[in-house]
Protein chains: 2
Amino acid sequence: MTDTTSRAASPTLDEVAVLAGVSRATVSRVVNDSPKVSPEARQAVLSAVAQLRYVPNRMARSLVTRRTDTVALVLNEPNTQVFSDPFFASIVRGVSATLADTDLNLVLLTAQDEREQEKIGRYARQGHVDGVILMSVHSDDPLPDILEEAGIPLVLCGRPFDDRAVAYVDADNRGGAREAAAYLAASGRRRIATITGPLDMIAGVDRLAGYQAGLAAAGQEVRADLLAEGDFTEVGGARAMAALLERAPDLDAVFVASDPMAVGALRALREAGRRVPEDVAVVGFDDAAVAERCDPPLTTVAQPLTDMTPLLTELLLRQIEGVGEQAESRVCRTHLVRRASA
Amino acid sequence: MTDTTSRAASPTLDEVAVLAGVSRATVSRVVNDSPKVSPEARQAVLSAVAQLRYVPNRMARSLVTRRTDTVALVLNEPNTQVFSDPFFASIVRGVSATLADTDLNLVLLTAQDEREQEKIGRYARQGHVDGVILMSVHSDDPLPDILEEAGIPLVLCGRPFDDRAVAYVDADNRGGAREAAAYLAASGRRRIATITGPLDMIAGVDRLAGYQAGLAAAGQEVRADLLAEGDFTEVGGARAMAALLERAPDLDAVFVASDPMAVGALRALREAGRRVPEDVAVVGFDDAAVAERCDPPLTTVAQPLTDMTPLLTELLLRQIEGVGEQAESRVCRTHLVRRASA
DNA sequence: CTGAAAGCGCTAACAA
DNA sequence: TTGTTAGCGCTTTCAG
């Protein structure tokens, strides 16, 4: 009796070769789509493969090719709620979709703390992946250094804090926020508040800087009491909005640095009895194409997500292939989409 | 000049051996914590390892050990919003935390459609992982079959639809829902509605069955107009609640099959001017320990998530180690937590 | 177009 | 306690 009990020992190249009546090399060629194989040989191999349900052993293959055909998307989620940020989901879906048509595999790696980040670093250094896309980089993340030093291809989703020579893809957060503030100022608002993102994330910092630049350009003062820090979540946005209303009841506009926060802010405004946009104009920042599904429709700074995710993988693949010397980066333009809220 | 330009060729066991003045076998023993090594040898190896920044090549190791020390957590997310379900995040965090103390790596794999599921199946069959935890199994998912047939250790998070002999961990969804309905009936409610989960997910089905059983046990009729299907999201819950109120304005209680939906339902009730719990009593189902953070506090069926995630990995590891013949499963008890809403 | 042979870096008997 | 040796399954020159 054959072994039905133990874990099925998967067939090897040799077994296929024997069954097909050819050499291992020929089987390998067929499996790897080499053109230099006669139709008969190819056919024999193919049917042997099918019959044996042969699947190549990746470990053996990678050992010699030094390629795993796998890339990792690393999610830093020190905060509980980051996982539910639609921006994350959008990036994951986008990258996943981009890779779906290729023969590359995508694995998601999550880190909740520094220890787990180091574990991920080890995982990568051990040769499990060909490259890494890193999301949600905070100011003190050790992973970029670890990976860079190990020479592992790396692309950041979001501009790094320091000016290191690392590839990244980012939206023009500063430009978009500046445009939003300028727009509010141009439409006659005089007390324009902002709810920022977390200021240990570069998107939070850049969007705040853009808001300040926009006000300055319009000749308006940047008032400290018109600034509240949020955490990119809906609940955080509502809380920040409430705090702003408490602190500066006279505000007549607010630039909210992310759409989930804007949804929360809208709710807080409604509960406070403020009309939007008559009393208070609201402009959000759309990280995940949710603004249009919003109720009421939200004026937002829109990012071209559909451009950004392919770019992310493109830059990574270019590094993996070894094309182009320098770490290449791209900043994607944003644009303001006017809707009923402003 | 040494190669600073090309991808750093990582040092091998032999190089360490040479530098430490021992054989490869000894280095291997040290690296694998074998006790049978003299302190001097160990020390020499250790410093050589440090000096060379040696990291073992996993492919080579796995090729011989037939182990990757990696398990996959597969997320099925055919629906856009599943990613933001706090239940997912909780399971991911829990499993991740459980594994953090071990030397096992966790990778997340996401599938948006059948094609991607098959890609994951291939990934697993190629030997990338030692085992798989599968979340959010829908009625027609091909992955369980693929993995089972390939003999890859598998644990489902949630009971399978058919009665196949596969390991799984689940909450007592039926029992919990039954208790919720019975509780509402016992407190004098007579028109108890329910917002179900998606009925192509077993949790949705089981919670509906429990609700029906609870009503039946209390001698109450199960009215079709008191049932609305939701999708486990907040928006879906609000929509379903609105539909119920339209269809059966006389309802005096509602069992909502997930907490995000319950949050939406509470909002819809508030907007409809119904008081909770005076006019309408609400009981939710807590998939992610969010109920207590709710505002207002939500009466819910609570699941012991802190038991379930370790169990998930425990059952998987037991299969990987080959301990215990049959696929072992566990159903975790739930309990009703009374709060202000019911 | 095909096969023989030499490794990829590591572990695991088996001897010493 | 240590070293020697033989592979793990695959790709890839290099001859034929």
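Note that the structure is a prediction, hence the values are computed from the model and not measured. Naming: A, B, ... by sequence-line order, numbering from 1 per chain. The analysis underlying the following values was restricted to heavy atoms, covering all of them including side chains, and did not include hydrogens, waters or symmetry mates.
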**Student:** Please find the pair of heavy atoms, one from A:A100 and one from B:K119, that lie closest to each other, and give the distance.
**Tutor:**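 Shortest heavy-atom contact: O-NZ, 3.6 Å.
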
**Student:** Which two nucleotides bound the region of DNA chain D that has atoms under 4.0 Å from heavy atoms of chain B, read 5' to 3'?
**Tutor:**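 For DNA chain D, the relevant span reads D:dT1 to D:dG9.
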
**Student:** Both B:G21 and A:D14 contact DNA chain D. Taking the nearest nucleotide for each, which residue is further toward the 5' end?
**Tutor:**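 Mapping each residue to its closest nucleotide by heavy atoms, the 5'-most match is B:G21.
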
**Student:** Show the nearest heavy-atom pair for residues A:R159 and A:I202, with the distance to one decimal.
**Tutor:**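 That closest heavy-atom pairing would be O-CG2, 3.1 Å.
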
**Student:** A:R58 and side-chain hydrogen bond (donor to acceptor under 3.5 Å, both in side chains): which single residue from A:D69, A:T68, A:T70 fits?
**Tutor:**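 Checked A:D69, A:T68, A:T70 against A:R58; only one passes side-chain hydrogen bond (donor to acceptor under 3.5 Å, both in side chains): A:D69.
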
**Student:** How about A:P142 and A:E114: do any of their side-chain heavy atoms sit closer than 4.5 Å?
**Tutor:**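 A:P142 vs A:E114: side chains touch.
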
**Student:** Please list every donor-acceptor pair under 3.5 Å in which a side-chain atom of residues 101-109 of chain A meets a protein atom from a residue at least two apart or in another chain.
**Tutor:**
{"from": "A:D101", "atom 1": "OD1", "to": "B:R115", "atom 2": "NH2", "distance (Å)": "2.7"}
{"from": "A:T102", "atom 1": "OG1", "to": "A:L99", "atom 2": "O", "distance (Å)": "2.8"}
{"from": "A:T102", "atom 1": "OG1", "to": "A:L104", "atom 2": "N", "distance (Å)": "3.0"}

**Student:** Which heavy atom in A:E328 sits nearest to a heavy atom in A:A167, and how many Å separate them?
**Tutor:**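 Answer, listing the atom of A:E328 first, then A:A167: O-CB, 3.0 Å.
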
**Student:** Which residues in residues 22-50 of chain A have a heavy atom closer than 4.0 Å to any atom of DNA chain C?
**Tutor:**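 Going residue by residue through residues 22-50 of chain A, the ones with a heavy atom under 4.0 Å of DNA chain C turn out to be A:V22, A:S23, A:R24, A:A25, A:T26, A:R29, A:K36, A:V37, A:S38, A:A41.
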
**Student:** Walk me through whether A:E314 and A:R330 qualify under salt bridge (charged side-chain N to carboxylate O under 4.0 Å, His left out).
**Tutor:** CA-CA 11 Å; A:E314 192 185 319; A:R330 294 280 275 277; 5.0 Å; no

**Student:** Say you draw a straight line from CG of A:L63 to OG of B:S62; how long is it, rounded to the nearest 0.5 Å?
**Tutor:**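 Separation between the atoms: 10.0 Å.
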
**Student:** Rounding to 10°, can you tell me the angle the first-five-pair axis of the helix from C:dC1-D:dG16 to C:dA16-D:dT1 makes with its last-five-pair axis?
**Tutor:**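 Angle reported: 30°, given to the nearest ten degrees.
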
**Student:** Which atoms form the tightest heavy-atom contact between B:G127 and A:M59, and what is the distance?
**Tutor:**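 That would be O-CE, 3.0 Å.
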
**Student:** Name every residue in residues 62-70 of chain A that has at least one heavy atom under 4.0 Å from any atom of DNA chain C, in order of residue number, or write none if there are no such residues.
**Tutor:**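 Of all residues in residues 62-70 of chain A, the ones placing a heavy atom under 4.0 Å from DNA chain C are A:L63, A:V64, A:R66.
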
**Student:** Taking side chain to side chain donor-acceptor pair (under 3.5 Å) as the test, write out the residues that go with A:T98, two or more places apart.
**Tutor:**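 Result, side chain to side chain donor-acceptor pair (under 3.5 Å) vs A:T98: none returned.
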
**Student:** Whether the side chain of B:Q319 engages the backbone of B:L154 through a donor-acceptor N/O pair (distance < 3.5 Å, no angle test) should be reported.
**Tutor:**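 A pair under 3.5 Å: yes.
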
**Student:** In Å, rounded to the nearest 0.5 Å, how long is the span from CG of B:D141 to CZ of B:F161?
**Tutor:**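 Reported value, rounded in 0.5 Å steps: 9.0 Å.
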
